[in-house]
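We count ligands from 1, going down the list as the structure has it; atoms in each ligand are counted the same way. Bear in mind the structure is a predicted one, so any value in this text is a computation, not a measurement.
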Amino acid sequence: MKTPIIAPSILSADFADMEKVFKMLNESEADWVHLDVMDGNFVPNISFGMPVIKSLRKLTTKVFDAHLMIEKPERYIHNFKLVGVDVLTVHYETQTHLNRTIDLIKKIGMKAGVALNPHTPVNLLKDIVSELDLVLIMSVNPGYSGQKFIEHTYKKITEAKDLILATNSKAMIEVDGGVNNNNASKLFAAGADILVAASYIFNHDNPLQAIRNLKYF
Ligand code: DX5
Ligand code: ZN
């Protein structure tokens with residue numbers, strides 16, 4: 001049976017005890033670790049950057065999935081490769097030369113993704129989707145964990161799936177924001193390949209079980 005890739009976002013985890021957090025993630029059925037990088041400009045919040053990711057890299061062999069919520073992310077692509085990121089996603093809204101940025105991410109050996117804010121239409125990816133490894137559909141306004149899921153996301157997932165099929169793209173669809181045990185199966189059925197979750201997992205009494213709930217519904 002095909003199951004979604006689960007990518008816990010450490011944004012809601014205890015930053016004072018990352019060894020414990022990663023011990024749990026390593027024991028869990030999480031596939032990837034989602035790293036939310038925020039600069040206080042593109043989004044109102046500030047999170048963490050390269051030095052933190054470099055330290056965390058020693059704690060796991062799971063795929064590092066970095067979601068850059070920063071202005072001009074193209075300045076730091078090499079740096080994210082150096083600290084061990086495997087999948088690098090930039091926001092469509094930050095880019096003038098998206099094609100150049102995607103080329104660079106792939107050329108230096110990472111998978112390349114593009115994230116869309118809730119108001120950004122999927123069809124803007126029409127001329128680049130065949131180059132992408134991942135399309136990240138934001139189901140909340142980026143910046144914080146713990147926000148309410150935006151229902152319009154289902155329609156965008158369907159549109160992204162249609163666009164990917166129509167262009168023979170190999171891109172996977174990732175959904176990020178407000179994902180929990182109530183919407184996971186519906187998101188997967190709509191075409192999501194990767195489910196990101198922060199608060200649902202890390203605020204749960206049993207994070208291992210929460211991860212299982214997302215993967216097996
Ligand atoms: C929001 C981040 C998300 C966030 C998800 O800007 O991109 O990855 O951590 O948090 P939840 O799952 O709590 O909505
Ligand atoms: Zn994210």
Side-chain angles (χ1 to χ4, degrees), residues 4-15 18 21-22 24-25 28 30-49 52-53 56 62-71 73 76 80 85-94 110-120 132-154 156-157 160 172-188 192-205 207 209-215:
I5 288 172
I6 306 302
S9 158
I10 59 167
L11 198 59
S12 295
D14 180 3
F15 281 94
M18 279 293 151
V21 169
F22 275 82
M24 183 282 289
L25 291 173
S28 80
D31 304 276
W32 293 7
V33 178
H34 185 82
L35 302 163
D36 286 306
V37 178
M38 304 181 182
D39 67 353
N41 280 299
F42 178 66
V43 289
N45 202 4
I46 299 177
S47 58
F48 54 84
V52 171
I53 296 175
L56 298 177
K62 294 202 189 241
V63 169
F64 266 9
D65 171 38
H67 174 195
L68 303 188
M69 286 161 274
I70 64 176
E71 298 287 357
Y76 302 113
F80 283 106
V85 167
D86 303 292
V87 184
L88 193 68
T89 295
V90 300
H91 263 265
Y92 180 88
E93 301 82 8
T94 66
M110 293 180 285
K111 299 240 185 268
V114 172
L116 302 177
N117 275 339
H119 74 279
T120 305
L132 301 179
D133 298 301
L134 185 148
V135 173
L136 195 176
I137 299 185
M138 287 305 304
S139 38
V140 297
N141 286 295
Y144 303 94
S145 56
Q147 302 181 84
K148 190 174 175 294
F149 179 83
I150 296 171
E151 294 291 325
H152 179 65
T153 305
Y154 295 112
K156 290 182 79 172
I157 296 171
M172 293 187 285
I173 299 175
E174 180 171 45
V175 179
D176 184 6
V179 173
N180 57 39
N181 58 327
N182 295 319
N183 54 25
S185 63
K186 205 171 155 198
L187 290 167
F188 186 60
D193 302 291
I194 307 149
L195 301 178
V196 175
S199 55
Y200 173 66
I201 292 172
F202 289 102
N203 295 347
H204 199 285
D205 292 343
Q209 184 59 47
I211 290 168
R212 254 177 256 131
N213 293 347
L214 295 179
K215 202 167 175 75

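The N, O or S atom of Asp176 lying closest to the Zn ion (ligand 2) is OD2. Asp36 has its closest N, O or S atom to the Zn ion (ligand 2) at the position named OD1. Here the N, O or S atom of His67 that is nearest to the Zn ion (ligand 2) is ND1.
The N/O atoms of Asp36, backbone and side chain alike, include one that comes under 3.5 Å of an N/O atom in ligand 1. Residue Ser12 has no N or O atom closer than 3.5 Å to an N or O atom of ligand 1. Between Asp176 and ligand 1, an N or O atom pair is found at a separation short of 3.5 Å. Not a single N or O atom of Gln147, backbone or side chain, sits closer than 3.5 Å to an N or O atom of ligand 1. Checked against a 3.5 angstrom limit, the closest N/O atoms of Ser9 and ligand 1 fall inside it. Taking only nitrogen or oxygen atoms, main chain and side chain alike, Gly178 reaches within less than 3.5 Å of ligand 1.
When heavy-atom distances to ligand 1 are checked against a 4.0 Å cut-off, Tyr144 comes that close only through its backbone atoms N, CA, C and O.
Within the 4.0 Å heavy-atom shell around ligand 1 one does not find Phe149.
Of the candidates Pro142, Gly146, Ala197, the one placing a heavy atom closest to atom 11 (P) of ligand 1 is Gly146.
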